[in-house]
Amino acid sequence: MAHSLQTIVVVVFVLVRITTSQDTQNKLTFEPNLSSSNLSTIQLDGSKTHVQSIKDDLVCSSCKFGLDFALWKFRKPDGTYPGLFKFIITMCKDLKIDSPAVCEGMVSALQNETSFLLTKLQLNGGQICGLIFPSKCQSSGLSWNDDKWTVPIPQKNPTLKSYKTKPREGSPLKVLHISDLHIDLMYEPGSAINCDDPLCCRKGQQVSKKEAGNASYWGSYGYCDVPYWTVENMLSTAAKTQKYDYILWTGDLPAHNVWSQKRSSQIYLIKNLTTLLLKYFPDTAIYPALGNHESDPVNSFPPSYVKGYNSISWLYDELVKAWAPWLPKDAIATVKQSGYYTTIVKPGFRIVSLNMNYCNNENFWMLLNPVDPNNELKWLVSVLTSAESKGESVHIIGHIPPSAGGDCLKVWRNNYYDIITRFKATVTAQFFGHTHTDEFEIFYADSSLQNPISMAYICPSVTTYTNSNPSYRTYDVVSNTWTVIDHHTYILNLSNANTVQSDPQWKLEYSAKSTYGLQDLTAESWHKVFKSWFTDTTTTGNTFAKYYVNFHKGHPPTETCDDNCKRDLLCRIAGGNFTNLNCVS
Ligand SMILES: *[C@@H]1O[C@H](CO)[C@@H](O)[C@H](O)[C@H]1NC(C)=O
Ligand SMILES: *[C@@H]1O[C@H](CO)[C@@H](O)[C@H](O)[C@H]1NC(C)=O
Ligand SMILES: *[C@@H]1O[C@H](CO)[C@@H](O)[C@H](O)[C@H]1NC(C)=O
Ligand SMILES: *[C@@H]1O[C@H](CO)[C@@H](O)[C@H](O)[C@H]1NC(C)=O
Ligand SMILES: *[C@@H]1O[C@H](CO)[C@@H](O)[C@H](O)[C@H]1NC(C)=O
Ligand SMILES: *[C@@H]1O[C@H](CO)[C@@H](O)[C@H](O)[C@H]1NC(C)=O
Ligand SMILES: *[C@@H]1O[C@H](CO)[C@@H](O)[C@H](O)[C@H]1NC(C)=O
Ligand SMILES: [Zn+2]
């Protein structure tokens, strides 16, 4: 098969490369061109994505093989690996895993923590490839997927009287939710929307792709984040449209140029955007949650016992300053230590902001000791136990959703699921972001998936990354019961907005209640809708078609949602445990 022939060719190349790598001036004698026409002649189903995945397989097997060999070759008796990262950069460039600038930037950004972990954990080649090139290579055999641990959850105190509250009459609270801004300060109208880097629409990029289009003023469908002026326009529009009782801001501020970021650029953006929010909402409480992109390198959130250069305190100390206008002293104290906090919003109503980076399966520090990092879930249980005893309601906010379709470690997610099940009367809603798509997740009491107990709303991103419209959302929350009774999602339709320079129109895309025909927004009502999608085997079935369009923020892919696509979306809703659908969790 052509596939295995290619593998052999690449493996031979890696061997040649390694044996000559000590002399870095050595010119390559043999270089396979993985982007050449050879690959596209491999006949499978002929789709572009398949060719891409074959390329990734090839790159990955060469990467694993090459690194196993390199680890053996570069290892010194004292356990260090001088020259290893230089080799990885060369390999990245030669195998065209990424563009030269991205290869250099990513490897040098990840060098410190990878070598720390390498000496502690004796990683093998496959594991390192997964760590450094996660989008190309799946890590195999990393221990974080195998570890089992449980956080103790106390039973409900039987003498506790249950607080039966009625929703307060009058108009509900208005809550604004903004997620995944990913502002690109280098955004340049007219630049290419598809380039050689993972993020495009920027100044001075290499473009070898023929069909690349050009970036538009307000944002672009492509591999692009959003310009500053689009975000400012959104905030000013949202502020003019109505008054909000409070704002949820669930993280990911920087653009996706993860290969060229620095601690200082991350801090600059946190300060800059805090200032911007204060400008448009000077008198509104804002409850932020920490994204996975705020760190440098991306996804790097060591637990607090990691000290010295790699310590995360450079970031948490900045959060303390940035979030100070909105949070009380005790909340600030846990932010400084761990990046999470809780605070009272109104009497009887509390918000818990989780640092979901301690469940992030791309946070390599979790390899060291993934057992409830920074005691976050233990802390959550204690906050919820105390809230329950006082009859408070709690909204949980965070960046990465605890869903199976996402990036949350399974063991962490299972513990979290158990906590929500135990405190289902106290936790009246959950809010996340990170996926950039418009989704929701139904929590169930057991694996029969018949007893829905809680809802998590996953807010679509402001960024267009990739191929979508900028968007934000508002929720209607009833006082006293602190339940969500409706939500409204707004988008900037870029097809329209980019035809004019001034006054782009942010429009209501849909309201949850009327679009999905919900009686109310309880988990039971969502479950009914969800079940109707599950039993409806035609892909065009009633509201599922609307869900599909909304999922993509009004800009769905041109191909229709086939059975695999539908199963994937449904699995994400049911927390990945819908055995009838063969979801992988
Ligand atoms: C790789 O192949 C493509 C298409 O055949 C060609 O345009 C490009 O110049 C080649 N690159 C190198 C480095 O040989
Ligand atoms: C790649 O394609 C070229 C011409 O298209 C051909 O000469 C060459 O043998 C191919 N290489 C492999 C490894 O298939
Ligand atoms: C790696 O860590 C050292 C301190 O241990 C620091 O001086 C150096 O700047 C770091 N390098 C990178 C690329 O982050
Ligand atoms: C569009 O982008 C390409 C590649 O960046 C550039 O060569 C071309 O001049 C641009 N076209 C316009 C109309 O700006
Ligand atoms: C934030 O960044 C924008 C865009 O670069 C700039 O115009 C503005 O002055 C900055 N604001 C602050 C407070 O740094
Ligand atoms: C998921 O499904 C499996 C198999 O049905 C079951 O054992 C497990 O308890 C379920 N987990 C949750 C969190 O519902
Ligand atoms: C966006 O605008 C285009 C062009 O007017 C239109 O075809 C499309 O339906 C609009 N999309 C949404 C979600 O409103
Ligand atoms: Zn994210």
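Start at 1 and go down the list; that is how both ligands and their atoms are numbered.
- In this structure a side-chain-to-backbone donor-acceptor pair under 3.5 Å is present from Thr230 to Trp218.
- Considering only non-hydrogen protein atoms, atom 10 (C) of ligand 7 sits nearest to Asn493 ND2, 2.4 Å.
- Here His436 fails the criterion, with no N, O or S atom under 2.8 Å of the Zn ion (ligand 8).
- Salt bridge present: Lys336 and Asp317 bring a charged side-chain N and a carboxylate O closer than 4.0 Å.
- Atom 11 (N) of ligand 5 has its closest protein heavy atom at Asn272 ND2, 2.9 Å.
- Counting only heavy atoms, the protein never gets under 4.0 Å from atom 7 (O) of ligand 7.
- At the top of the distance list for atom 4 (C) of ligand 7, counting protein heavy atoms only, stands Asn496 OD1, 3.2 Å.
- For the Zn ion (ligand 8), the set of nearby N, O or S atoms under 2.8 Å includes one belonging to Asp252.
- The nearest heavy-atom contact from the protein to atom 13 (C) of ligand 7 is Gly554 O, 3.5 Å.
- Atom CD1 of Ile397 and atom SG of Cys459 lie 11.5 Å apart (nearest 0.5 Å).
- Not a single N/O/S atom of Thr435, whether from backbone or side chain, sits less than 2.8 Å from the Zn ion (ligand 8).
- Under the 4.0 Å distance rule, the nearest protein heavy atom to atom 2 (O) of ligand 7 falls inside the cut-off.
- The nearest heavy-atom contact from the protein to atom 5 (O) of ligand 5 is Leu185 CD2, 3.8 Å.
- When rounded to 10 degrees, the angle formed at the Zn ion (ligand 8) by OD1 (Asn292) and ND1 (His434) equals 90°.
- For the 3.5 Å distance criterion, the side chains of Asn550 and Tyr516 qualify, holding a donor opposite an acceptor.
- We find that Glu439 and Arg572 are joined by a salt bridge, their nearest charged nitrogen and carboxylate oxygen being less than 4.0 Å apart.
- Aromatic ring centres of Trp365 and Phe116 lie closer together than 6.0 Å.
- Atoms CG and NZ, from Leu176 and Lys243 in turn, are 12.0 Å apart once rounded to the nearest 0.5 Å.
- With 2.8 Å as the limit, His293 does not count as an N, O or S neighbour of the Zn ion (ligand 8).
- Note on Arg473 versus Asp438: salt bridge recorded, some NZ/NE/NH1/NH2 to OD/OE distance being below 4.0 Å.
- Closest to the Zn ion (ligand 8) among the N, O or S atoms of His399 is NE2.
- Disulfide status for Cys92 with Cys103: present, SG atoms under 2.5 Å apart.
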